[in-house]
Each structure stands twice: as C-alpha cells, then as structure tokens.
Amino acid sequence: MTIDEILEMMDEVLDKAVTVPFSNKKSMVDTDQLRDCIDNIRYNLPTEIRKAKEMVADRSSIIQDANEKAEEIIKDAEEKAKKIVSEEEIVKQAKAAAQDLTAQSHAMDLSIKKAMVEKLDNILGETEKSLNKSLNEIKTMRETIKNAGKQVEAKEAQQQ
C-alpha cells in the first residue's frame with residue numbers, strides 16, 4: 001500500500017466521522033481505524049523515503065554521468081581542436097618551407113644560368129681569339145707563300 005492510498009483511507013475515515021452535537025464542528029472518528037492508517041504510514045514511509053532517496057541518488061548519478069560525459073566531450077573536442085591547429089601549423093610551415101625552397105631553387109637556377117652564360121662567353125671568346133690567331137697565321141702564311149711564289153717567278157724570269 002502506498003502513502004497516497006493510506007492518506008485516501010484517512011480521508012474516508014474523516015468523511016464517515018459523526019459530528020458531535022453542539023461541539024463547534026468536532027467529530028467522532030473510529031480511532032482504531034485511524035491508528036491502523038497511521039501505523040501503515042509509519043510502515044510504508046521508510047519505503048517511500050527510500051524510493052525518494054533512490055530517485056535523488058539516481059538523479060545525482062545521472063547528473064554526474066552527464067557531467068562526466070560532457071567533460072569527456074569537451075576534452076575530446078579540445079584535443080581535436082589542438083590537433084587541427086597543430087596540423088594547420090604544420091601545413092603552414094610546410095608551405096613556407098616549400099616557398100623558401102622554390103625561391104632558393106629559382107635563385108640557384110638564375111645563378112647557374114648566369115655562370116653558364118659567362119662560361120660559354122669565355123669559351124667562345126677564347127675560341128674567337130684562337131681562331132683570329134689561326135686566321136692571322138693563315139693570312140701571314142698566305143702572304144709568305146705569295147711572296148715566295150713571286151720570288152720564284154722573279155728568279156725564273158731572271159733565268160730566262
């Protein structure tokens with residue numbers, strides 16, 4: 001029997017009570033029946049209180065579990081956020097390193113091209129000097145051969 005049922009029975013006892021004449025709304029009740037109701041309340045009250053305490057404990061446990069889960073979710077979210085930020089930082093660093101490498105490679109490329117142009121210019125300049133020297137030697141040799149040919153012709157003419 002629940003406390004509500006017992007209280008309902010007490011209400012019925014009071015409803016059935018007979019009013020005492022000339023007593024300003026006083027009534028006579030069946031005291032044994034009322035005592036039984038009170039005893040039932042005493043017997044059932046600890047059960048009701050225990051149930052209420054269990055409900056409060058369950059509520060506290062549910063709230064504590066919810067708080068723990070919320071803390072876990074927040075912790076996980078913070079870790080994920082840190083990881084994302086860390087990954088973004090790594091990506092930024094990688095991009096910066098790639099840009100540095102690209103700039104260095106362009107500078108190196110320009111430097112190599114400049115050195116190659118200078119080297120080729122030097123080689124071609126030396127080749128030109130060598131060819132000019134050879135050309136001068138060839139011209140000189142032609143002149144020498146022409147002069148020698150003229151001298152041979154002059155000796156032939158003298159001998160005739």
Side-chain angles (χ1 to χ4, degrees), residues 1-140:
M1 199 177 274
T2 67
I3 299 290
D4 287 333
E5 291 171 340
I6 297 169
L7 290 173
E8 188 65 37
M9 286 174 54
M10 288 176 77
D11 254 349
E12 287 176 15
V13 168
L14 290 174
D15 287 343
K16 291 179 186 175
V18 178
T19 55
V20 176
F22 309 110
S23 65
N24 196 12
K25 296 186 180 181
K26 292 188 181 180
S27 303
M28 289 191 322
V29 291
D30 184 352
T31 55
D32 289 334
Q33 201 174 11
L34 204 52
R35 282 194 204 288
D36 285 342
C37 289
I38 291 171
D39 288 341
N40 278 334
I41 287 175
R42 284 188 182 126
Y43 175 75
N44 285 314
L45 193 59
T47 303
E48 293 290 325
I49 290 172
R50 182 177 40 81
K51 286 181 183 177
K53 285 181 181 179
E54 286 174 4
M55 289 171 73
V56 168
D58 286 347
R59 179 180 166 262
S60 295
S61 175
I62 290 169
I63 289 172
Q64 184 177 355
D65 288 347
N67 284 337
E68 287 173 3
K69 286 180 182 177
E71 287 177 20
E72 273 184 47
I73 290 169
I74 290 169
K75 185 178 176 183
D76 287 346
E78 287 174 347
E79 287 176 10
K80 286 178 183 177
K82 286 179 185 177
K83 185 178 178 183
I84 289 170
V85 167
S86 173
E87 288 174 356
E88 286 180 9
E89 187 60 33
I90 290 170
V91 169
K92 284 180 185 176
Q93 289 174 357
K95 284 181 179 179
Q99 287 175 344
D100 287 346
L101 285 174
T102 302
Q104 287 176 2
S105 67
H106 284 300
M108 198 180 256
D109 182 50
L110 290 174
S111 174
I112 290 170
K113 285 179 181 176
K114 183 178 178 184
M116 185 179 70
V117 166
E118 288 175 8
K119 183 73 171 174
L120 284 173
D121 186 51
N122 287 339
I123 291 171
L124 290 173
E126 291 297 316
T127 304
E128 182 181 19
K129 284 180 189 177
S130 177
L131 287 174
N132 282 335
K133 182 179 175 184
S134 294
L135 183 62
N136 287 335
E137 287 176 3
I138 290 171
K139 285 180 182 178
T140 303

Give the C-alpha distance, both sets of side-chain angles, the deciding distance and a yes or no for side chain to side chain contact (heavy atoms under 4.5 Å, CB included) between E68 and D65.
-> CA-CA 5 Å; E68 287 173 3; D65 288 347; 4.1 Å; yes
Chi angles and distances behind the side chain to side chain contact (heavy atoms under 4.5 Å, CB included) call for E137, T140 = CA-CA 5 Å; E137 287 176 3; T140 303; 5.5 Å; no
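In this structure, R59 and M55 have side chains that are not in contact, with every pair of non-hydrogen atoms separated by 4.5 Å or more.
At least one donor-acceptor pair under 3.5 Å links the side chain of S134 to the backbone N or O of S130. The main-chain N or O of K82 is never found under 3.5 Å from a side-chain atom of S86 such that the two would form a donor-acceptor pair. Proximity of a side-chain donor or acceptor of S61 to a complementary backbone N or O of A57 within less than 3.5 Å is not detected.
The distance from the NZ atom of K95 to the CD atom of E88 is 9.5 Å, given to the nearest 0.5 Å. Note that OG1 of T19 and CG of N24 are 11.5 Å apart. Values are rounded to the nearest 0.5 Å. Atom CG of D15 sits about 8.5 Å away from atom CD of E8, to the nearest 0.5 Å. A distance of 11.0 Å separates CG in D58 from CD1 in I63, rounded to the nearest 0.5 Å. To the nearest 0.5 Å, atom CE of residue M9 and atom CD of residue E12 are 7.5 Å apart. For the atom pair K80 NZ and I73 CD1, the distance stands at 10.0 Å (nearest 0.5 Å).
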Expected list for residues 98-125: side-chain donor-acceptor pairs under 3.5 angstrom, two or more places apart:
| unit_1 | atom_1 | unit_2 | atom_2 | d |
| --- | --- | --- | --- | --- |
| T102 | OG1 | A98 | O | 2.8 |
| S105 | OG | L101 | O | 3.3 |
| S105 | OG | T102 | O | 2.8 |
| D109 | OD2 | K113 | NZ | 3.3 |
| N122 | ND2 | E118 | O | 3.4 |

If you look only at distance, which donor and acceptor atoms sit under 3.5 Å apart when one is on a side chain in residues 27-39 and the other is two or more places apart or in another chain?
| unit_1 | atom_1 | unit_2 | atom_2 | d |
| --- | --- | --- | --- | --- |
| D30 | OD1 | D32 | N | 3.3 |

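For the salt bridge (charged side-chain N to carboxylate O under 4.0 Å, His left out) test, no residue two or more places apart in sequence or in another chain qualifies with E5.
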